[in-house]
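One-based numbering, in listed order, for ligands and for the atoms of each. Heads up: numbering here begins at 1 and tracks the sequence.
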Amino acid sequence: MDRSNKPAAIGVSASLPQPSLSIKDNVIEASLPTGQSVQVHLYGATVTSWKANGKEQLFVSEKAHLDGSKPIRGGIPLVFPVFGPPPQNHATSSLPQHGFARNSNWEFLGKSSSDAPGKDSQADLTVKLDFGLSHSMLTEEFRETWPYEFGLVYSVTLTKDTLETALQVRNEGKQNFEFQVLMHTYLNIADISDVRVKGLESKTYLDKTLQGTSHVETSAALPITQETDRVYQNLDPAVPIDVTSAKDDQPLFSITREALSDVVVWNPWIEKAKGMADFGPDEAYKNMICVEAGSVSSWQTLEAGEAWEGGQSIKSRL
Ligand SMILES: O=P(O)(O)OC[C@H]1O[C@H](O)[C@H](O)[C@@H](O)[C@@H]1O
């Protein structure tokens, strides 16, 4: 994953078509000359569309609120600084479930594009969009409930066959703070019964559908046949989690991570899907699986003046 701020398009032949950008109604869209595109809402810096090979790769609920009144149900909501309901007696205790990043208005910091070093082909072009959120941009309520001086830079990079999302967290204040982070990715799938999740065998997970009890995964290719809400812990981020098709065992998605050693696998299934007002249609649980790269099973402590960085790269089968 390359998250450096490369100079815009230097070294790219002037005659080659370049990535395009549009900004409208707080939605940023970028596309590559080879057809791939990405869309990001400033509300939550939520990625709401990733098209590759002419297909939408992310699931967004038909009933998702896109007006900033509620976190967006689908795409890639960003969870920070707490995952799930905040614990009692913790600095995050008064925050909403999954923190404030997904329900704050971010700023667009700009676009940069590059081609792979030593290559001179359109196929190697990438486009990176950067978004920022800091303490002063939060609502008064969030500023009061989580009073730390922080800076987030979220980078969304589109390449020919991957989408990369990376977060930098900076402590810009004088006190240490603790955080959790997670990229709550809703993958678009044709049929949940055809999907298997690989790369989890022998890993310990907390099953949130069974009072958070601890288990060890026995399946090399996990089918989703009921409500599933599991936090797999201490995975090697470099080993991909593959979402494969049971029909041909080919990966539909392959997800590698950096500094994100937990992975949540979530599907609400029938009853929970019906119970979520912003989830629709009811049957849509068949068309999504959340595979969420994060650091959530403990807390990252960030000392004053320090920075932390983590991210994921999702490769889609083309
Ligand atoms: O409804 P939300 O707040 O968006 O949370 C949606 C889901 O997020 C994660 O996957 C959690 O593990 C689930 O327990 C939760 O239900």
Side-chain angles (χ1 to χ4, degrees), residues 41 43-48 58-87 92-104 142 145 165 179-189 192 195 197 200 203-215 217 222 224 226-235 241 243 253 255 257 260-282 284-299 312 314:
H41 278 244
Y43 186 67
T46 313
V47 179
T48 46
L58 299 176
F59 169 85
V60 177
S61 161
E62 273 179 24
K63 296 185 185 166
H65 295 248
L66 299 173
D67 60 356
S69 59
K70 211 177 174 306
I72 296 172
R73 175 71 62 200
I76 314 182
L78 195 57
V79 168
F80 176 92
V82 60
F83 167 67
T92 57
S93 292
S94 304
L95 291 176
Q97 154 131 326
H98 295 337
F100 53 70
R102 65 177 183 164
N103 32 17
S104 293
F142 288 147
T145 43
T165 60
F179 69 92
Q180 298 177 325
V181 63
L182 174 119
M183 296 167 184
H184 197 305
T185 308
Y186 289 73
L187 298 170
N188 197 14
I189 52 170
I192 190 76
V195 158
V197 187
L200 303 169
K203 304 301 176 198
T204 301
Y205 65 91
L206 301 182
D207 193 330
K208 293 173 83 174
T209 70
L210 297 172
Q211 294 83 44
T213 45
S214 182
H215 305 259
E217 183 56 69
L222 180 74
I224 308 295
Q226 58 188 336
E227 186 197 346
T228 304
D229 192 357
R230 299 177 174 189
V231 184
Y232 290 88
Q233 302 173 315
N234 300 318
L235 309 183
I241 301 296
V243 176
F253 298 97
I255 304 156
R257 291 88 58 215
L260 298 175
S261 53
D262 303 316
V263 168
V264 179
V265 177
W266 181 61
N267 184 290
W269 213 248
I270 301 164
E271 292 310 319
K272 277 261 164 74
K274 281 190 193 151
M276 285 186 283
D278 61 349
F279 190 94
D282 285 352
Y285 74 92
K286 294 177 184 166
N287 307 123
M288 50 81 54
I289 182 169
C290 284
V291 179
E292 312 161 18
S295 173
V296 297
S297 56
S298 58
W299 296 89
Q312 65 172 350
I314 314 171

Atom pairs and distances, donor-acceptor, side-chain atoms in residues 95-103, under 3.5 Å, two or more places apart:
residue: His98; atom: ND1; partner: Gly84; partner atom: N; Å: 2.8
residue: Arg102; atom: NH2; partner: Gln97; partner atom: O; Å: 3.4

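At a 4.0 Å heavy-atom cut-off, the residues surrounding ligand 1 are Arg73, Phe83, Gln97, His98, Arg102, His184, Lys208, Asp229, Val264, Trp266, Glu292, listed by chain and number.
Remark: Lys272 NZ is loosely packed, at most 12 non-hydrogen atoms of other residues, nucleotides or ligands lying under 6.0 Å away.
Exactly one of Arg257, Glu292, Gln312 qualifies for a side-chain contact (heavy atoms from CB on, under 4.5 Å) with Val263. That residue is Arg257.
Judged as a side-chain contact (heavy atoms from CB on, under 4.5 Å), and not counting sequence neighbours, the contacts of Thr204 are Ser214, Val216, Gln233. Not counting sequence neighbours, the partners of Phe59 by the ring pair (Phe, Tyr, Trp, His ring centres under 6.0 Å) test are Phe279.
In this structure, the side chains of Met183 and Ile255 stay at 4.5 Å or more apart for every pair of heavy atoms.
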